[in-house]
Every structure is written in structure tokens, then in C-alpha cells.
Amino acid sequence: MNIVQDPTEGSLLLADLIGAARRVVFFTGAGVSTESGIPDFRGPNGLWTKIQPIYFDEFVASEDARLEDWRRRFKFKKQVGTAEPNAAHRAIAKLVAGGKVTAVITQNIDGLHQRAGVPSEHLIEIHGNATRAACLECDAHHELDEVEAEIARTGLSPVCRACGGLVKAAVISFGQAMPVRAMMRAEHAIERADLFVSVGSSLQVQPAASLPMAAKYQGARLVIVNGEATPLDGIADHVLRGSIGKVFSAI
Ligand code: APR
């Protein structure tokens with residue numbers, strides 16, 4: 001494992017590795033959006049250092065947990081509303097447009113990769129997307145704004161207008177099943193990759209963190225770009241430390 005501490009040096013190395021690769025997959029976590037003003041989860045001021053996550057079974061079992069989950073979603077919607085894609089989002093979108101990046105697998109739910117220009121056929125959201133809501137029973141789509149208005153009116157969490165099932169933000173909570181189609185698309189992209197770049201993830205959450213391992217074990221070069229150590233640094237070919245924005249602004 002080669003650790004590069006200087007972001008400029010890291011940027012040059014990453015550019016060389018991408019130049020030499022044929023099929024690149026990017027894997028992103030919350031660290032790629034902090035420089036857009038959206039807090040991450042486990043970094044120094046991460047969300048989970050302040051509040052506890054709401055697990056899927058709590059959401060299903062408790063009206064209070066559902067109302068708290070919705071409160072957090074509306075707060076997040078406001079944060080995302082004022083956020084702009086940053087240098088890393090823009091660089092990754094440019095690399096996708098250049099044709100060498102076959103997929104951007106993201107754990108993020110903020111929609112900033114789409115807004116930076118990554119087309120949906122190249123974007124794989126394995127933890128869903130916080131800009132949408134859906135029924136847990138029949139998957140009927142629900143608009144966040146309508147849900148927010150209904151809760152303001154009734155004080156109750158919404159149920160599906162089609163089947164009466166529970167409605168939830170279309171994001172994967174702890175304890176919730178992963179989206180099958182997204183995971184299959186991710187595995188397909190990994191099978192063919194010769195370079196896998198993890199950016200801004202602490203690589204502590206499964207099964208997401210098994211994807212960089214799968215890439216490495218099928219023969220791809222593994223690069224981890226992150227401000228702090230991760231459990232997979234030991235199997236990475238290169239670890240690039242420092243600000244993600246700095247590493248990508250020179251790409
Ligand atoms: N430059 C470099 N590294 C950064 C920067 C930055 N500007 N900002 C944050 N980081 C690093 C943090 O140090 C941290 O190690 O990014 C990492 C983000 O890790 P997490 O907060 O754990 O985010 P992530 O890995 O995406 O979490 C995975 O956990 O809570 C669930 O569903 C949630 O998708 C999320 C999943």
C-alpha cells in the first residue's frame with residue numbers, strides 16, 4: 001500500500017492511473033459532499049457524532065420514529081437545496097463524459113452527482129435518493145413536498161394513497177434491504193473494472209464496503225481517496241490523503 005499525503009501529488013498519481021486504465025469505477029461516500037456544505041456521518045463533525053440513526057424496524061414500528069425520520073428528511077432537503085456540486089463532483093462527471101468511467105456507485109442520497117452531470121445510466125445509487133418517497137408495500141411514488149404538507153396538516157406520518165401502506169423516504173436505512181437492481185448493476189460494473197476509486201467513504205458500512213474489496217479481488221487496482229484511515233487501506237494499491245476537493249480540483 002502506497003500512502004500519498006500531499007493532495008497535489010495524489011492528484012497527479014490519480015490522473016496517471018486513470019489515464020492508464022480502460023474501465024474505471026468510482027465509489028463515493030459522504031466525504032465527497034462535505035465541501036458542498038453537507039455534513040458526513042463519521043468524520044470529525046459527522047451526523048452520527050451528534051444523533052443516532054433511525055433503524056428500519058424502528059421506523060416501521062413507531063409513529064414517533066417515523067415523524068422524527070421525516071423531520072430529518074425535510075431538514076436534509078433544505079441543506080441539499082442550497083448545496084452545489086463541488087470540484088470532485090464536477091471532475092467525476094467530466095471523467096464519465098470522457099468515456100473512461102463506466103459507473104459511479106454512490107452511497108450518497110443528495111443527488112449532487114446527477115446535478116454535476118453524471119447521466120442516470122452511469123449512476124448507481126445503492127442507498128437510494130432522499131429527493132423521493134415511496135410506499136413500502138406497493139412502491140407507489142410520493143412527493144416529499146406533499147408529504148411535508150400532509151404532516152403539517154395532520155401531525156401524522158403519511159400512508160400510501162394507493163394501498164394504505166407506510167410511506168418512507170426512498171433511502172436505505174440501517175436494517176433495510178439493499179436495492180437489488182442497483183446492487184446487481186454495481187456488481188456488473190465491478191466485474192469489468194480495471195481501476196476502482198473509493199472517494200470520501202469511511203468504508204465501515206456493509207454491504208457497501210464489500211464492493212471495493214470485490215473489485216480488488218477480481219483484479220482491479222484499488223485507490224482510496226479519503227481524509228482519514230479506512231479499514232481497507234491495507235488492501236489498497238494507493239491511498240491518497242488530504243482534501244478531496246484539492247485532489248480533484250487538479251484532475
Ligand atoms: N476530504 C477528504 N476526506 C473527507 C472530506 C474531505 N473534504 N470530508 C469528509 N471526509 C472523510 C471523512 O473523514 C470520513 O472518513 O469522508 C469519510 C466519510 O465517511 P462517512 O461519514 O462514514 O460516510 P460514508 O462512508 O458515506 O457512510 C456510509 O453510512 O450512515 C450510513 O447510509 C449512510 O451512506 C452512508 C453510509
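Note that the structure is predicted; figures quoted are calculated from it, not measured. Numbering of ligands and ligand atoms starts at 1, following listing order.
Near Gly29, the atoms of ligand 1 lying under 4.0 angstrom from a non-hydrogen atom of the residue are 26 (O). Taking every non-hydrogen atom of Val205 and a distance limit under 4.0 Å, the qualifying atoms of ligand 1 come out as 28 (C), 29 (O), 36 (C). Within the listing of ligand 1, atoms 30 (O) sit less than 4.0 angstrom from a heavy atom of Trp48. Each of the atoms 15 (O), 17 (C), 18 (C), 19 (O), 20 (P), 22 (O), 25 (O) of ligand 1 lies under 4.0 Å from some heavy atom of Ser202. Ligand-side atoms of ligand 1 in range of Phe174: 30 (O), 31 (C), range being under 4.0 angstrom from any heavy atom. Atom numbering of ligand 1 starts at 1 in the shown order; those under 4.0 Å from a heavy atom of Glu228 are 12 (C), 13 (O), 14 (C), 15 (O). Listed by number with element, the atoms of ligand 1 under 4.0 Å from a non-hydrogen atom of Glu35 are 1 (N), 6 (C), 7 (N). Close contacts between ligand 1 and Thr34 involve ligand atoms 5 (C), 6 (C), 7 (N), 8 (N), 9 (C) [criterion: under 4.0 Å to a heavy atom].
At a heavy-atom cutoff of 4.0 Å, ligand 1 is contacted by both the backbone and the side chain of Asp40. Contacts with ligand 1 closer than 4.0 Å are made by heavy atoms of both the backbone and the side chain of Gln107. Contacts with ligand 1 closer than 4.0 Å are made by heavy atoms of both the backbone and the side chain of Ile244.
For the 3.5 Å distance criterion, the side chains of His142 and Arg161 qualify, holding a donor opposite an acceptor. For Asp64 and Ser62, the side-chain atoms include no donor-acceptor pair closer than 3.5 Å. Neither side chain, Thr230 nor Ser202, offers a donor N or O lying under 3.5 Å from an acceptor on the other. Side chain to side chain, Gln107 and Ser201 meet the donor-acceptor criterion of an N or O pair below 3.5 Å. Judged purely by distance below 3.5 Å, without hydrogens or angles, the side chains of Thr106 and Glu125 never pair a donor atom with an acceptor atom. A donor and an acceptor atom, one from each side chain of Asp40 and Thr34, are nowhere located under 3.5 Å apart.
At least one heavy atom of His127 sits less than 4.0 Å from an atom of ligand 1. At a 4.0 Å cut-off, not a single heavy atom of Ser173 sits close enough to ligand 1 to count as contact. For the ligand labelled ligand 1, residue Gly46 lies outside the 4.0 Å heavy-atom shell.
Distance from atom 10 (N) of ligand 1 to its nearest protein heavy atom, with residue and atom name: Gly31 CA, 3.7 Å. The closest protein non-hydrogen atom to atom 23 (O) of ligand 1 is Ala30 CB, 3.6 Å. Nearest protein heavy-atom contact of atom 35 (C) of ligand 1 is Phe41 CE1, 3.7 Å. With hydrogens left out, the protein atom closest to atom 31 (C) of ligand 1 is Arg42 NH2, 3.6 Å, a heavy atom. Protein heavy atom nearest atom 17 (C) of ligand 1, with residue, atom name and distance: Asn226 OD1, 3.4 Å. Scanning all protein heavy atoms for the shortest distance to atom 25 (O) of ligand 1 gives Ser201 OG, 2.7 Å.
Under the 4.5 Å side-chain criterion, counting only non-hydrogen atoms from C-beta, Arg115 is in contact with Glu84. Here the side chains of Ile190 and Gln218 are in contact, with some heavy-atom distance below 4.5 Å. Taking 4.5 Å as the limit, every side-chain heavy atom of Arg66 sits out of range of all side-chain heavy atoms of Lys168.
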Taking only distance into account, with no hydrogens and no angle test, what donor-acceptor pairs under 3.5 Å do side-chain atoms of residues 9-24 form with protein atoms, sequence neighbours excluded?
residue, atom, partner, partner atom, Å
Ser11, OG, Val247, O, 3.0
Arg22, NH1, Asp194, OD2, 3.4
Arg23, NE, Arg192, O, 2.6
Arg23, NH2, Arg192, O, 3.3

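In summary, the aromatic rings of Phe174 and Phe56 are positioned with their centroids too far apart to meet the 6.0 Å limit.
Geometrically, Lys216 does not engage Phe196 in a cation-pi contact defined by less than 6.0 Å to the ring centre and at most 45° from the axis.
Ranked by closest heavy atom to atom 18 (C) of ligand 1, the top entry among Ala208, Ala209, Gly200, Gly227 is Gly200.
Between Pro44 and ligand 1, a contact under 3.5 Å exists for no N or O pair.
Between Lys246 and Asp6, none of the side-chain N atoms (NZ, or NE/NH1/NH2) sits under 4.0 Å from a carboxylate O, so this pair counts as no salt bridge.
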